[in-house]
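The structure under discussion appears below in the form of structure tokens.
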Amino acid sequence: MTDFAADTQKVRKSWKDIDLRAVAPFLALALLLVLGTIANPNFISIDNLLNVITRSAFIAIIAVGATFVISAGGLDLSVGSMVAFVASLTIMFMNSGVIADPATMLVFAMALAMVIGAVCGLANGLITTVGSIEPFIATLGTMGIYRGLTTWLSQGGAITLRSPDIHSLYRPAYFGSVLGIPVPIIIIVVTAAVGAFVLHRTRYGRHVLAVGSNEDVARYSGISVERVRTMTYVIQGLCVAVACLLYVPRLGSTSATTGLMWELQAITAVVVGGTALRGGVGRVWGTICGAFILEIVGNIMLLSNFVSEYLIGAIQGAIIIVAMLVQRSLVRKS
């Protein structure tokens with residue numbers, strides 16, 4: 001009887017040790033899969049699920065970078081505008097014809113996109129840290145700058161990839177597959193795996209969480225808070241660039257409205273995934289799960305007649321509010 005009581009107590013302790021904020025996104029995803037199947041039997045088909053995950057690639061990859069920024073106590077509202085700016089410059093470079101060979105041109109264009117993304121992220125980071133401007137205000141300003149530059153580059157219209165050779169060569173980057181798995185899904189997994197390793201298995205990742213948890217304690221511990229925070233914005237810029245590398249072959253065109261409201265979706269994915277908006281806690285795989293949840297919600301709305309598809313933005317806004325309320329309630333209980 002004593003052994004039974006001891007085992008019962010161990011089970012209770014093990015349940016208490018489970019972090020509900022880490023498990024909740026995956027439970028919500030499982031529940032959505034069930035609800036989606038009930039709403040429409042075609043929802044659970046392999047083709048539909050692969051299509052849903054593929055379409056979530058842009059937000060999922062951008063949200064990995066947002067996980068770093070938010071975990072360090074920052075915020076980036078410029079990611080949607082940055083996508084438009086980076087993609088536009090990349091297409092303009094490919095249209096320039098400075099390199100005759102399409103394959104070589106494509107390689108240099110992809111490298112250029114990564115450099116531009118990193119520079120844009122660095123600019124956001126330096127304005128926030130060296131300029132001592134609140135992240136909300138700083139990235140709100142750069143959001144306007146990137147969007148305005150994109151409008152100027154496109155002259156209010158669209159910037160379209162003109163070379164059919166480059167377009168046909170680049171198309172498999174989004175529409176191709178490896179062993180039946182779409183390339184964007186592979187990119188999601190690789191990006192998330194690298195992000196999770198850096199955040200949870202490296203010294204820099206520990207510094208990110210320390211800065212987000214308590215900036216003063218981190219500084220007294222010898223951590224360069226400014227450097228750590230600036231690097232999170234650079235990582236965000238690199239993730240935006242990776243998303244652009246998938247976006248360009250999908251549409252082959254950009255405009256001033258490209259990436260509109262993607263910052264809301266990325267932040268929502270991060271919060272739904274269990275990362276604390278106040279900083280100090282980061283969950284990369286939870287973020288990926290959050291991005292899937294957002295896309296699945298939209299897909300269920302399209303496949304069912306319960307809610308109009310035009311309310312997707314409203315639903316996503318409601319999701320982030322509910323997620324924040326859940327986070328606060330869990331924090332109070334702990």
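Given the structure is predicted, the values throughout are model-derived calculations rather than measurements. For the numbers below, each heavy atom of this structure counts, side chains included, while hydrogens, waters and symmetry mates do not. Throughout, numbering of the chain's residues begins at 1 and tracks the sequence.
The side-chain heavy atoms of Phe85 and Leu89, taken from C-beta on, include a pair separated by under 4.5 Å. Residues Glu215 and Arg229 meet the side-chain proximity criterion, which asks for heavy atoms closer than 4.5 Å. Residues Ser96 and Met105 are in side-chain contact: their nearest non-hydrogen atoms beyond the backbone lie under 4.5 Å apart. At least one side-chain heavy atom of Val248 sits under 4.5 Å from a side-chain heavy atom of Met94. Annotation: side chain of Arg147 is in contact with side chain of Leu260 (closest heavy-atom distance under 4.5 Å). For the pair Leu77/Phe136, a side-chain contact is recorded, criterion being any heavy-atom separation below 4.5 Å from C-beta on. With a 4.5 Å cut-off on side-chain heavy atoms, Leu75 and Glu134 do not count as touching. In this structure, Val270 and Phe68 have side chains that are not in contact, with every pair of non-hydrogen atoms separated by 4.5 Å or more.
Side-chain atoms of Thr287 never come within 3.5 Å of backbone atoms of Ala63 as a donor-acceptor pair (strictly under, hydrogens ignored). A donor-acceptor pair is defined here as one N or O able to donate and one able to accept, closer than 3.5 Å; no such pair exists between the side chain of Arg283 and the backbone of Thr275. The main-chain N or O of Leu245 is found under 3.5 Å from a side-chain atom of Tyr170 such that the two form a donor-acceptor pair. Looking only at distances, a side-chain donor or acceptor of Gln236 sits under 3.5 Å from a matching main-chain atom of Ile62. Within the 3.5 Å criterion, the main-chain N or O of Gly80 finds a donor-acceptor partner in the side chain of Glu263. Formation of a donor-acceptor pair under 3.5 Å by the His200 side chain with backbone atoms of Gly282 is found in this model. Judged by distance alone, the side chain of Thr258 and the main-chain N or O of Thr254 form no donor-acceptor pair under 3.5 Å. At least one donor-acceptor pair under 3.5 Å links the side chain of Ser88 to the backbone N or O of Ala84. In this structure, the side chain of Asn95 engages the main chain of Arg162 through a donor-acceptor pair within 3.5 Å. A donor-acceptor pair under 3.5 Å is absent between the side-chain atoms of Thr142 and the main chain of Ile145, judged by distance alone.
Remark: the Ser154 side chain and the Ser255 side chain contain no N/O donor-acceptor pair separated by less than 3.5 Å. At a cut-off of 3.5 Å, with distance as the only test, a side-chain donor of Ser78 or Asp76 sits close to an acceptor on the other residue. With hydrogens and angles left out, the side-chain atoms of Asn48 and Asn299 include a donor and acceptor closer than 3.5 Å.
Annotation for Thr128 and Pro135: closest pair CG2-CG, 3.7 Å, computed over non-hydrogen atoms. Closest approach of Val281 to Gly274, counting heavy atoms only: CG1-O, 4.0 Å. In plain terms, the two heavy atoms of Gly180 and Leu50 that are nearest each other are O-CD1, 4.2 Å. The heavy-atom pair separating Ser71 from Leu209 by the smallest distance is CB-CD2, 4.0 Å. The shortest non-hydrogen separation linking Val52 to Glu295 is O-CG, 3.2 Å. Shown here for Ala291 and Ser56, the closest heavy-atom pair between the two residues is O-CB, 4.0 Å.
Expressed to the nearest 0.5 Å, how far CD1 of Ile99 lies from CD1 of Ile166 amounts to 9.0 Å. With rounding to the nearest 0.5 angstrom, the CD1 atom of Ile70 is 5.5 Å from the CD1 atom of Ile267. Here CZ of Arg206 is found 10.0 Å from CD1 of Ile223. Values are rounded to the nearest 0.5 Å. One finds the CD1 atom of Ile159 at 8.0 Å from the OG atom of Ser253 (value rounded to the nearest 0.5 Å). The line from CE of Met114 to SG of Cys244 is 10.0 Å long, rounded to the nearest 0.5 Å. For the atom pair NE2 (His207) and OG1 (Thr232), the distance works out to 14.0 Å, reported to the nearest 0.5 Å.
By the neighbour-count criterion of 12 heavy atoms within 6.0 Å, atom CZ of Phe93 is densely surrounded, having more than that number from other residues, nucleotides or ligands. Within a 6.0 Å sphere centred on CZ of Arg219, heavy atoms belonging to other residues, nucleotides or ligands number more than 12.
Hydrophobic clustering of Ile, Leu, Val, Met, Phe, Trp and Tyr side chains at less than 4.5 Å, counting indirect connections, unites Val98 with Leu169. Cluster annotation: Met92 is connected to Trp152 through the hydrophobic network of ILVMFWY side chains, with a link wherever side-chain heavy atoms come within less than 4.5 Å. Both Leu161 and Phe175 are part of a single hydrophobic cluster, where members link through side-chain heavy atoms under 4.5 Å apart. If you chain together hydrophobic residues whose side chains sit under 4.5 Å apart, Tyr233 and Ile116 never meet in one group. Residues Ile187 and Val190 are members of one and the same hydrophobic cluster, defined by side-chain heavy-atom contacts under 4.5 angstrom among Ile, Leu, Val, Met, Phe, Trp and Tyr.
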For Asn51 and Asp47, run side-chain contact (heavy atoms from CB on, under 4.5 Å): C-alpha distance rounded to whole Å, both residues' side-chain angles, the deciding distance at 0.1 Å, then the answer.
CA-CA 6 Å; Asn51 183 44; Asp47 290 339; over 6 Å; no
Evaluate side-chain contact (heavy atoms from CB on, under 4.5 Å) for Thr90 paired with Leu112, printing each intermediate quantity in order.
CA-CA 7 Å; Thr90 303; Leu112 178 65; 5.6 Å; no
If you apply the rule side-chain contact (heavy atoms from CB on, under 4.5 Å), what do you find for Met82 with Asn124, and how did you get there?
CA-CA 11 Å; Met82 199 189 302; Asn124 285 345; 3.4 Å; yes
Run the side-chain contact (heavy atoms from CB on, under 4.5 Å) test on Ile300 and Leu32 for me, step by step, so that the C-alpha distance in whole Å, both residues' side-chain angles and the decisive distance to 0.1 Å come before the verdict.
CA-CA 9 Å; Ile300 292 175; Leu32 276 177; 4.1 Å; yes
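Taking the six-membered ring where the residue is Trp, Tyr247 and Phe58 present perpendicular rings, their angle passing 60° and hence far from 30°.
A cation-pi arrangement is absent between Arg201 and Phe197 under the rule of less than 6.0 angstrom and at most 45 degrees off the ring axis.
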